[in-house]
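Working notes for the structure below.
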Amino acid sequence: MAIKFKKVDFKYQGNDNKAYLALSNITLNIKAEGEFITLIGETGSGKTTLVQHMNALLTPLSGDVEIFGVKINRENVKKKRVKLNPIRQQVGLVFQFPEYQLFEETILKDIIFGPKNFGVDEKTAIERAKNVIKVVGLDESYLSRSPFNLSGGEKKRVSIAGILAMEPDILILDEPTSGLDPLGRNALLDVFYNIHTKLNKTIIIITHDMNTVYEYAKRVLVMRDSYLVYDGDPIELFTKKNIENWNLDVPDLLHLINQIETDLNLKLPKKPRNETELFTQLKAVLK
Amino acid sequence: MDIIQMKNVSFEYQQDQPVLENINLNIKKGEWLTILGHNGSGKSTLSKLLIGLLKPNQGEIIVDNILLSRETIQDVRKHIGIVFQNPDNQFVGVTVRDDIAFGLENLQVPRNEMVERIEKYAHKVNMAEFLNKEPHNLSGGQKQRVAIAGILAMQTDIIIFDEATSMLDPKGRKMILEYMKQLNAEGVTIITITHDMKESVLSDRIVVLKNGKILKIDTATNVLKDQETLEKSNLEMLLPLKVLRYLERENIADEKVRSYLWQLSLKR
């Protein structure tokens with residue numbers, strides 16, 4: 001296992017000097033390869049705090065987090081027994097507003113900043129930049145442009161390219177598609193899906209979009225009031241659990257399937273996970 | 001009556017790079033209008049022009065019979081309010097109460113009346129118990145409700161929601177949609193800027209923007225079924241309609257299934 005959480009608690013100090021529980025008793029394992037995980041839950045449920053523990057940006061108050069064999073706890077961090085830099089390279093975290101972190105005069109400089117910071121020489125970093133800019137669906141001509149005149153979707157892609165250039169094993173994205181138009185959202189999700197399938201990397205996405213969970217995720221984590229209340233299969237979550245209690249929504253596709261099956265008295269052989277599957281099954285059933 | 005008139009409005013940040021070109025748009029009093037368009041189509045620029053945050057390079061904007069200009073901008077802002085996309089970017093006050101008061105202070109509302117209005121509208125959006133709390137400790141949905149209370153307190157008759165639900169969790173989103181419906185039912189003119197097709201079903205009319213120009217203005221129903229327009233502007237068709245189109249193409253849907261899917265997609 002690449003990331004292991006064992007009974008992790010974390011508290012925030014509020015402005016009123018009271019401590020607020022952000023993580024309660026979290027136990028969880030994540031593999032370095034082949035996972036496509038979505039992390040969902042209400043605003044304030046602890047999602048961002050959870051992923052910030054995954055690359056040691058935060059240290060648990062109690063319990064252990066182990067990242068690629070390195071044990072992160074209060075004592076180890078305080079006594080500087082652990083090196084955090086390699087962890088930050090292995091677990092790439094793209095923040096919610098990555099576009100705010102673009103600051104160089106060209107996109108190339110922005111992308112090579114990360115790898116150079118982790119000791120990669122300039123030539124190799126530039127080679128990587130030429131590669132990752134294509135991975136995120138932009139062409140090489142972007143490298144010489146300024147990051148500031150880009151659209152929202154393009155800025156997100158550039159900042160993701162910057163993280164990819166560090167060649168992390170695990171890629172974590174905090175609400176990467178919020179605010180994008182439907183086409184931009186789908187294109188970006190396809191980028192993550194390609195990174196996942198072609199490079200066999202583990203992807204973890206924080207989202208409020210239930211459609212992303214239903215159509216892409218192999219595994220879903222649900223946070224609720226600092227607790228991890230669900231860790232498992234998305235279909236099971238949306239069909240068997242009482243998701244209203246967790247303030248989640250039914251994905252559009254599943255909602256439509258349920259309506260069609262009830263109102264038209266049909267039974268689809270298997271729950272379709274995307275539009276194409278829905279079309280094919282409907283065709284078979286209606287003919 | 002047209003509460004907003006945009007006549008030949010154009011805007012550019014840089015010379016010869018128009019963000020909006022020749023926009024002619026009339027919005028009726030009490031109407032709910034959705035502005036759809038891809039990222040970068042000019043939607044948010046349009047809303048900034050309407051509230052006078054930006055000044056058109058050409059054309060004129062009339063709000064509630066007032067021609068928008070430097071001289072009239074304060075008057076116009078008594079009629080039109082805006083809720084922005086990112087709930088974190090619109091707080092100025094130390095407490096929720098201060099925040100709701102901010103707009104009223106600008107309007108120089110007398111103190112007694114100010115206190116009254118703050119209480120009234122905080123209740124209306126179910127945030128009265130938070131009046132003395134700091135805004136940054138609230139959830140996204142709660143912050144947007146405070147922003148709405150701030151605008152309601154100014155008693156404007158037009159509210160623009162500029163992707164106001166796009167960063168909220170499902171619960172927060174539902175709640176804001178409920179307020180939009182309620183306000184519109186009470187006669188407030190609503191302008192929503194969104195990518196969410198499900199949200200646009202709620203409105204009376206839809207304007208589709210593409211590359212700074214109006215591609216289509218029509219009733220919500222007519223726009224939502226117009227596959228060509230939606231595709232041209234990077235928008236997605238509502239899921240039940242997509243299924244309907246597919247079944248029609250494959251020639252496998254009988255009348256019953258077809259009318260069912262049609263009803264389903266336009267259900268408010």
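Labels below follow one simple rule: chain letters A, B, ... track the order of the sequence lines, proteins then strands, and each chain is numbered from 1. Owing to the predicted nature of the structure, the values given are computational and were not obtained by experimental measurement.
- Atom NZ of B:K55 has 12 or fewer neighbouring heavy atoms from other residues, nucleotides or ligands inside a 6.0 Å radius.
- Residues of residues 254-261 of chain A lying within less than 4.5 angstrom of chain B, judged on heavy atoms, are A:L256, A:Q259, A:I260 in numerical order.
- Although no hydrogens or angles enter the test, the distance criterion places no donor-acceptor pair under 3.5 Å between the side chain of A:D181 and the main chain of B:H195.
- To the nearest 0.5 Å, atoms CZ (B:R249) and NZ (A:K283) are separated by 10.5 Å.
- Only the backbone of B:L168 comes within less than 4.5 Å of a heavy atom of chain A; no side-chain atom from C-beta onward does.
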Please tabulate, for side-chain N and O atoms in residues 220-232 of chain B, each donor-acceptor pair with protein atoms closer than 3.5 Å (sequence neighbours left out).
residue, atom, partner, partner atom, Å
B:N222, ND2, B:D218, OD1, 3.3
B:N222, ND2, B:D218, OD2, 3.4
B:N222, ND2, B:T219, OG1, 3.3
B:D226, OD1, B:E228, N, 3.3
B:D226, OD1, B:T229, N, 3.1
B:D226, OD1, B:T229, OG1, 3.3
B:D226, OD2, B:K216, NZ, 2.8
B:D226, OD2, B:T229, OG1, 2.5
B:Q227, NE2, B:E231, OE2, 3.4

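- Closest approach of A:S178 and B:S166 over heavy atoms only: CB-O, 4.0 Å.
- Note on B:M197, B:M167, B:Q142: by heavy-atom pairs under 4.5 Å with chain A, the leading option is B:M167.
- Contact residues of residues 262-274 of chain A toward chain B are A:D263, A:L264 (heavy-atom distance under 4.5 Å).
- The most heavy-atom pairs under 4.5 Å with chain B, out of A:I40, A:L282, A:L180, A:L286, come from A:L180.
- Of the two parts of B:N86, only the side chain, counted from C-beta on, holds a non-hydrogen atom closer than 4.5 Å to a non-hydrogen atom of chain A.
- Using a 4.5 Å heavy-atom cutoff, the side chains of B:D169 and A:N247 are not in contact.
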Practice prompt. Decide side-chain contact (heavy atoms from CB on, under 4.5 Å) for A:L183 and B:H38; before the verdict, give the C-alpha distance in whole Å, the side-chain angles of both, and the deciding distance to 0.1 Å.
Written response: CA-CA 8 Å; A:L183 216 73; B:H38 56 87; over 6 Å; no
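- Heavy atoms of A:D209 lying under 4.5 Å from chain B are absent altogether.
- For B:L247, the part lying under 4.5 angstrom from a heavy atom of chain A is the side chain only.
- Residue-environment remark: CZ (B:F102) stays at or below the threshold of 12 foreign heavy atoms within 6.0 Å.
- The OH atom of B:Y246 sits 9.0 Å away from atom OG1 of A:T276, with the distance rounded to the nearest 0.5 Å.
- When heavy atoms are compared at a cutoff of 4.5 Å, B:K242 approaches chain A by way of both its backbone and its side chain.
- The shortest heavy-atom contact between A:T43 and B:G140 is CG2-N, 3.7 Å.
- At a 4.5 Å heavy-atom cutoff, the contact between A:L253 and chain B is made by backbone and side-chain atoms alike.
- The salt bridge (charged side-chain N to carboxylate O under 4.0 Å, His left out) analysis of residues 136-149 of chain A, with sequence neighbours excluded, yields the pairs A:K134-A:E140.
- Looking at B:L238, there are no atoms closer than 4.5 Å to chain A (heavy atoms on both sides), in backbone or side chain.
- Only the side chain of B:Q85 comes within contact range of chain A, with heavy atoms under 4.5 Å apart.
- A salt bridge does not link B:R173 with A:D249: every distance from a Lys NZ or Arg NE/NH1/NH2 to an Asp or Glu carboxylate oxygen is 4.0 Å or more.
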